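Some notes on the structure that comes next.
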Amino acid sequence: MVRKRSILLITTGGTFGMLPDARGFLQGVAKAVPELRALARISVAAPFALDSSSMVPAHWATLASLIADRMDDFDGFVVTHGTDTMAYTASALSYLLDNLRKPVILTGSQRPLLEIRTDARANLIDAVEVAIQDLPEVAICFGGLVLRGNRARKWSLTDTRAFQSPNFPALGEVGAKLILHPERMLRRSGRFRLRPELDPKVLHLRLAPGLGGSSLEGLDPASVHGVVLEAFGAGNVPLLEGREVFPLSAFVARGVPVVIVAGAEHGAVDFALYDGGRRAAHEGAISAGDMTAEAAVVKLMAALGRAKKPADVGRAFAEDWAGERS
Ligand code: ASP
């Protein structure tokens, strides 16, 4: 007889269901989704129960160490999570769980598990079914799509297909059949290890016409260790001199790296394309390529946490840690 795979189901809160403890959650799930037992042997952990908009980097570290500690005990992991910051947590887990060999699948829902017309039931069944496959990645399974976690973005507040992956194709689709695309998955060779270092002092700004000196007055420079700037288009910054120009070189001169993400959903930063991009590169900005802002913000926190010297941050962004950039 084929051994049923074992899954650690980790509940963290969100719309899916903020049931207070592991036992309550297991009971709720057993009642609402009894067929899960046919798929896998399920154990439950409940490290916290939060609306995901209240989560901070310390929660990512808690989740990553919980998964790392139990890595040898389970075949796969499913994390139920609020949708608001799921893409950040997925990015964080993909970096912190370095050289991951097992599936870590995040899911959630637009409506709570115990409500009528809930999408939580289908998403949970799909996530568990994906977590018992050979998928050595952190993925988001939601609304019938299996997306690389650090490529995904929250897309819709109402559609049951709430996440999209603008710059990387889906790892799989779950419809009448589960279809996975192994040729798109990561190939791992190094040793699995937990890399919990994170420096949360990252400021995420979106450039708007006129965002510059006066709008940033009062910002305590010491409180910022890195900036992610969503520039215009392919990474352009304004060229006219004056107070209302983002003080990129001033941050860089202070040893604060500035990472630029593209100003459109689809496509990549290309500093060479326009004078505004060449200016950004000249002033010392680091390109995030085709990374999402979520993946770039968390990578900057991790890169700052790991860096021994400022140049290490630029080098980290040129590297591909977990398939987050092309
Ligand atoms: N505010 C909720 C959360 O992110 C939304 C959801 O779960 O869909 O926790």
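Numbering starts at 1 and runs along the sequence shown. First listed ligand is number 1; within each ligand, the first listed atom is number 1. Nothing here was measured: the structure is a model prediction, and the numbers come from that model.
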Fellow cluster residues of L157, listed by chain then number, with links counted only when side-chain atoms sit under 4.5 Å apart: none

If you measure every N/O of T85 against every N/O of ligand 1, is any gap under 3.5 Å? no

Determine, using heavy atoms of S109 and all atoms of ligand 1, whether some pair is separated by less than 4.0 Å. yes

Indicate yes or no: does an N/O atom of T15 lie under 3.5 Å from an N/O atom of ligand 1? yes

D51 N/O under 3.5 Å from ligand 1 N/O: yes

Ligand 1 atoms in contact with G14 (distance to a heavy atom under 4.0 Å): 7 (O), 9 (O)

Contact (N/O only, under 3.5 Å) between S53 and ligand 1: no

Going through the checks in order, is the salt bridge (charged side-chain N to carboxylate O under 4.0 Å, His left out) test met by E294 and K154? CA-CA 10 Å; E294 294 86 337; K154 183 166 178 175; over 6 Å; no

Sidechain-backbone polar pair: S52 side chain, T85 backbone, donor-acceptor under 3.5 Å: yes

Sequence neighbours excluded, the answer for side chain to side chain donor-acceptor pair (under 3.5 Å) partners of S53 is D51

Out of L248, L207, V227, N236, which residue meets the side-chain contact (heavy atoms from CB on, under 4.5 Å) rule with I260? L248

Grab the two heavy atoms, one from F74 and one from K102, that are nearest each other, plus how far apart they are. O-NZ, 2.8 Å

In ligand 1, the atoms that come under 4.0 Å of a heavy atom of S52 are 3 (C), 4 (O), 9 (O)

